[in-house]
Trainee: 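For reference, the structure I am asking about is given below.
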Amino acid sequence: MYRYTDFDAAFVATRNAQFRAQVERRIDGSLTEDEFKPLRLMNGLYLQLHAYMLRVAIPYGTLNSAQLRQLAYIAERWDKGYGHFTTRQNIQFNWPKLRDVPDMLDALAEVQMHAIQTSGNTIRNVTADHFAGAAADEIADPRPVAELIRQWSTDHPEFQFLPRKFKIAVTGSPNDRAVTKAHDIGLRMIRNDAGKPGFEVIVGGGLGRTPVIGKIVRDFLPEADLLPYLEAVVSVWNLLGRRDNKYKSRIKITVHEHGIDDIRARVEDRFALLRPAFSGVDQQLFAQIKSDFAPPAFEDRDTAPFDQAYEQDSVFRSWADTNLSDHRAPGHAIAQISLKAHGATPGDASADQMRVMADLAARYGHDELRISHEQNIVLPHVHKADLPAIHAALKEAGLATANIGRISDIIACPGMDYCALATARSIPIAQEIATRFDQLKLEHEVGDLKIKISGCINACGHHHVGHIGVLGLDRAGVESYQITLGGDHTENAAIGQRTGPGFAADEIVPAIERIVDTYLSERLSADEAFIDTFARVGMTPFKTALYGENDKRAKAA
Amino acid sequence: MAAIFTPKVVTANALLEGDVVYLTDADTWSRDLEQAEVLTDEADAQIRLIEASARVDEVVGVYLAEVTPGSTGPEPAHFREAFRATGPSNYSHGKQSEAL
Ligand code: SF4
């Protein structure tokens with residue numbers, strides 16, 4: 001597995017020792033909170049509603065079994081025996097004590113992990129598809145591209161004081177699992193008509209307060225032109241981007257204010273100037289990084305044990321149907337482990353569960369695990385013959401919920417149960433929806449339906465791109481939930497439309513039920529997914545179901 | 001027009017544990033909202049806030065939270081404060097599971 005070439009154990013050890021001294025000085029009162037706060041934030045330590053929270057980085061959402069075991073150990077030794085996997089593909093510990101945090105950081109360093117946060121107005125972490133290197137539909141592994149960009153952008157002298165933070169996502173597959181259209185720059189690896197590899201470049205997407213779907217700024221960029229072109233985009237924005245108002249500083253606003261054609265022309269001019277300066281060193285580096293991401297050696301074995309279990313065991317079959325995806329290597333599969341047991345907190349795993357997953361990865365999965373932004377765990381490379389054994393072990397650990405992509409596979413941010421910025425809770429809403437649809441036994445009939453819930457407009461729960469999005473707000477001192485429909489997080493990215501006035505906490509589950517009932521009665525057949533029915537029939541039937549024919553509330557919307 | 005001053009308590013998070021705490025009239029920090037000193041006078045409240053904010057080696061993020069008087073002591077006026085006073089709703093973690 002790939003390791004950071006510049007991951008410097010000595011650097012992390014020094015940072016940890018410094019932070020240990022800073023914590024001591026904070027505790028003895030020689031540092032004030034104002035002095036300490038930026039230091040703890042740099043080291044991933046936040047103060048939430050009820051406790052501190054330590055956020056641990058998981059680059060490209062990729063972990064090996066030793067790392068996951070160590071996270072389990074940390075959860076048990078210093079936290080409350082569990083960890084929360086987030087939509088940003090990292091893990092949060094919700095209950096660390098200030099005095100213990102330096103020990104936790106040292107324990108992380110033992111497995112080459114850290115909690116150091118990228119911060120400031122720079123090019124931030126580059127994200128990639130969580131099926132990278134495994135998916136059957138992939139043109140090429142996007143992680144070497146992400147890593148090339150990371151190395152180019154880290155400490156890039158021109159880009160240390162950008163108008164705001166800048167995020168890039170890369171997908172190597174036409175089925176976009178990296179939400180590239182909701183990033184400052186999204187890159188889709190494609191081939192042109194001549195079969196040459198390159199990128200479709202998308203610019204100006206983003207969620208949060210002002211959700212925008214990115215626009216195509218270049219429909220085919222040859223692979224070797226990537227870095228000069230990115231440099232051109234960032235430098236055009238660096239010049240034009242607004243520094244007077246932080247809500248207008250992201251590139252999505254720049255694109256909106258200047259228009260995509262103007263931005264494209266400026267980028268091309270700049271690119272023409274920059275291109276000759278890239279002599280090919282970047283391409284040598286790229287080749288080297290690619291070899292670091294070489295796939296594991298896949299075995300060619302008989303899949304009979306899988307076929308047999310699939311035939312005979314209906315529980316296994318149901319799990320295989322929902323939780324497996326096609327792998328590029330024959331006889332293999334990508335297995336998703338749902339962290340969304342009905343009624344449980346989305347994204348939480350106990351220390352015991354982490355150890356079970358680590359063992360399975362070590363034994364059957366080339367020692368590799370991924371965290372998806374949908375808050376599930378992925379075993380990217382497993383042989384089908386081993387799946388019955390894997391499933392049995394997962395079942396034992398309460399990890400065999402067969403609901404990937406279903407209505408109970410809900411993304412929910414921590415909301416007001418933990419997050420200091422929240423305006424309402426999101427976890428209990430997710431728990432209630434999942435429990436309700438499990439009772440109704442409707443989940444599999446409903447099919448592909450993504451509910452995404454955020455506890456404030458920062459949109460960590462990606463509610464804008466949920467088929468059903470739920471946003472928790474504070475309306476005159478009462479939790480109120482706004483529903484959006486028709487959002488899409490895939491290559492057909494779309495921002496959901498608001499249904500109308502919000503719902504109180506105890507009205508939200510019945511409201512979701514009415515939406516689902518409407519879908520079931522409107523769809524042409526069981527093959528028409530929720531999002532397609534919505535595209536065909538539009539908002540009206542859903543609005544009527546939610547607010548009634550002549551409801552004043554619907555008119556007021 | 002001066003707004004009417006509503007009752008407040010001084011609240012913060014404990015420096016070491018991060019727990020939500022309230023200032024009592026004995027100048028100690030309690031984990032229990034019912035033990036908190038209720039401030040009904042604005043000038044008083046400001047003074048108590050400034051004093052509490054100076055205790056940098058005990059607490060973090062000191063502020064005044066609105067309360068309503070109840071039969072057994074102050075009660076949170078806003079749901080955010082209600083969650084802070086109780087703990088998260090998904091697990092019985094935090095102060096709801098610990099003896100006060
Ligand atoms: S969306 Fe808001 S409430 Fe949810 S985690 Fe992000 S900042 Fe916190």
Trainee: More than 12 non-hydrogen atoms from neighbouring residues, nucleotides or ligands closer than 6.0 Å to CZ on A:R88, yes or no?
Mentor: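 Open: at most 12 neighbouring heavy atoms sit under 6.0 Å from CZ of A:R88.
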Trainee: Check each atom of A:A420 against the heavy atoms of chain B and say whether the ones under 4.5 Å are side chain, backbone, both or neither.
Mentor: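 Its backbone and side chain both get close to chain B.
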Trainee: Stepwise, does the side-chain contact (heavy atoms from CB on, under 4.5 Å) test hold for B:L16 with A:I27?
Mentor: CA-CA 8 Å; B:L16 293 181; A:I27 290 173; 3.6 Å; yes
Trainee: Just checking, any donor-acceptor pair under 3.5 angstrom between side chains of A:D348 and B:Y91?
Mentor: yes
Trainee: Between B:E17 and A:L98, is there a side-chain heavy-atom distance shorter than 4.5 Å?
Mentor: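 Heavy-atom side-chain distance check fails, nothing below 4.5 Å.
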Trainee: Out of A:E33, A:M416, A:Q48, return the one with the most heavy atom pairs under 4.5 angstrom to chain B.
Mentor: A:M416
Trainee: So, taking the atom named CG in B:D19 and the one named CG in A:L49, what distance separates them when rounded to the nearest 0.5 Å?
Mentor: 12.0 Å
Trainee: Taking side chain as everything from C-beta outward and backbone as N, CA, C, O, which of these in A:P414 sits under 4.5 Å from a heavy atom of chain B? Side chain, backbone, both or neither.
Mentor: neither
Trainee: So which of B:G87, B:G61, B:P88 has the biggest tally of heavy-atom pairs under 4.5 Å with chain A?
Mentor: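 Of the options given, most contacts go to B:P88.
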Trainee: Heavy atoms only, distances under 4.5 angstrom: which of B:V59, B:L15, B:V20 has the most pairs with chain A? Name it, please.
Mentor: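 Looking at each of B:V59, B:L15, B:V20 in turn, B:L15 comes out on top.
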Trainee: With only heavy atoms counted, which part of A:V478 is less than 4.5 Å from chain B, the side chain, the backbone, both or neither?
Mentor: backbone
Trainee: Could you tell me how the ring of B:H93 sits relative to the ring of A:Y82: parallel (under 30°), tilted (30 to 60°) or perpendicular (over 60°)?
Mentor: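 The arrangement is parallel - the two ring planes meet at less than 30°.
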Trainee: Any chance you could lay out the side-chain contact (heavy atoms from CB on, under 4.5 Å) test for B:F83 and A:R425, step after step, and finish with the verdict?
Mentor: CA-CA 10 Å; B:F83 296 137; A:R425 290 173 300 169; 3.1 Å; yes
Trainee: State, with a plain yes or no, whether a side-chain heavy atom of B:N90 is found less than 4.5 Å away from one of A:Y418.
Mentor: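 Counting from C-beta outward, B:N90 and A:Y418 do come under 4.5 Å.
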Trainee: Less than 4.5 Å to any heavy atom of chain B: does that hold for the side chain of A:T423, its backbone, both, or neither?
Mentor: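 Backbone only.
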Trainee: Would you say the side chains of A:D474 and B:H78 form a donor-acceptor pair under 3.5 Å?
Mentor: yes
Trainee: Classify the side-chain pair A:Y52/B:N13 by whether it contains a donor and acceptor separated by less than 3.5 Å.
Mentor: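 No, no side-chain donor-acceptor contact under 3.5 Å.
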Trainee: Given that the side chain runs from C-beta out, which part of B:A14 has a heavy atom under 4.5 Å from chain A: side chain, backbone, both or neither?
Mentor: backbone
